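Here the structure is laid out as structure tokens; the discussion comes afterwards.
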Protein chains: 2
Amino acid sequence: MPRIPDIVVGRLPLYLRALNRMQAQGVDITSSHELGQQLGISSAQIRKDLSHFGEFGKQGTGYNVVSLIGALQHILHADRTWDVALVGVGDLGRALAHYGGFGPRGFHISHLFDADPAKIGKKIDGLTIQPASEIEQTVKSANLKVAMIATPANTAQAVADTLVQAGIRSILNYAPISLTVPEGVRVQHIDPIIHLQRMIYYLD
Amino acid sequence: MPRIPDIVVGRLPLYLRALNRMQAQGVDITSSHELGQQLGISSAQIRKDLSHFGEFGKQGTGYNVVSLIGALQHILHADRTWDVALVGVGDLGRALAHYGGFGPRGFHISHLFDADPAKIGKKIDGLTIQPASEIEQTVKSANLKVAMIATPANTAQAVADTLVQAGIRSILNYAPISLTVPEGVRVQHIDPIIHLQRMIYYLD
DNA sequence: TAGATTGTTAATCGATTAACAATC
DNA sequence: TAGATTGTTAATCGATTAACAATC
């Protein structure tokens, strides 16, 4: 497989989400044009992106929704279930633990951690909250590769360091801070303030 | 002001967040190099981005943290408080309503809406949940421009249409669906699945 | 077949980076 | 002054788009 630009990989999940929606609505076949309209992306870009990975369509017809979903899931490694550690069980962490959208898309929150002694041992949806001190050993023995951080900003970097130390390679960070991680570890940041500020620039 | 590329505007909030952190740590002066290291961005890019808006540094010295914060807040329109409507008060909506990070950054959740009759009239942090049927009138009379959607996917587009109809121009969407909005309305999507899938591609 | 859409190439467009004169 | 860092220009790099032959 040739080197794929990050920006191309980043769009594949958007295609997959739109295709899943089409499938749920009973659509069998789609085209790069239709997909592009739904996503606000040009049809040429969609065809170009897909062409990095193979040929998935049929001239004159378009793409079979189900088989393109399968192909994209395979490319993204979303054709299996990934266990995920969640560190920080405050309001946001609890909302994430309850969120029903992970399971159907192949992610399973398998472990919860928190630093607050009052929370240790409590259960959320049948999952027991473990002390933060157990992160390293637990993540290692469960061989987890994916984690979410939902702690306050001031502890997020230390948590990330511990997670990486334990073998985590993908971190979804909800703490409002830029995390520094070694080469080979991926971080994605979710900070609503950043998104809001990107938009209010355009307001008067 | 010349036309600024979206991608440049999109980085300003990241600069602002890093600078706020520096200020909290008592740092008075920084440089494009230091800022870039913290964010994983080249120093040249930071200087180029800022140069779209004016001259904020001093040769040989760098940037005064406090005054660059002020300049960026002004550019982004983050030097005032924006009232925000929140539609959908499930687990996630409640977590957002409780989140303490909005106020200090100039956002104030001023109205809550939900479609569930059982929730109407209940209070969260002193704010009464209003019925979704009141969105249009309330948003208009409060002259709100910013909203967050935290409803299920199947109602998000209808909610967005109503919000836009009522004058909302910036939507932060937590529902896992691509929203379609008219020209002149900005949408930012927050969907953890998308971010997770972007990362697992790189795992084996 | 006629119509439609893919996959791909080449051209265009835009963003990033390197380098340096200006200057604090 | 000597050292450092800005703001900016020009060069490089990469991404997007337009266009079309291939073909279902």
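Residue numbers begin at 1 in each chain, while the letters A, B, ... track the order of the sequences. Since the model is a prediction, treat every value here as computed from it, not as a measurement.
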Report the base-pairing partner of C/dA22 (Watson-Crick or G-U wobble, both distances below 3.5 angstrom), or none. D/dT5
From CG of A/D6 across to C1' of D/dA15 the rounded distance in Å is 13 Å
It should be established whether A/Q59 places a side-chain nitrogen or oxygen under 4.0 Å from OP1 or OP2 of nucleotide D/dA22. no
Of B/K48, B/Q45, B/R47, which meets side-chain hydrogen bond (donor to acceptor under 3.5 Å, both in side chains) against B/S32? B/R47
Tell me whether the side-chain N/O atoms of A/S31 come closer than 4.0 Å to OP1 or OP2 in C/dT5. no
Tell me: CD of A/E34 to C1' of C/dA4, nearest whole Å? 14 Å
When B/T61 and B/K48 are each assigned the nearest nucleotide of DNA chain D, the 5'-most assignment goes to B/T61
Does the side chain of B/R47 get closer than 4.0 angstrom to OP1 or OP2 of C/dA18 through an N or O atom? no
Compare every heavy atom of A/R17 with every heavy atom of B/P176, then report the nearest pair and how far apart it is. O-CD, 3.6 Å
Does OP1 or OP2 of C/dA4 have a side-chain N or O of A/Y63 closer than 4.0 Å? no
For atom NE2 of B/H52 and atom C1' of C/dG14, their distance in whole Å: 11 Å
With both distances under 3.5 angstrom, what nucleotide forms a Watson-Crick or G-U wobble pair with D/dA11? C/dT16
Salt bridge check, A/R186 against A/D6: does any charged N sit closer than 4.0 Å to a carboxylate O? yes
N or O in side chain of B/S42 less than 4.0 angstrom from C/dT17 OP1/OP2: yes
Between C/dT5 atom P and A/L68 atom CG, what is the distance in whole Å? 16 Å
Between D/dA22 atom P and A/E55 atom CD, what is the distance in whole Å? 14 Å
Does the pair B/R94/B/D125 count as a salt bridge with the N-to-O cut at 4.0 Å? no
Taking CD from A/Q45 and P from D/dG14, how many angstroms apart are they, rounded to a whole number? 17 Å
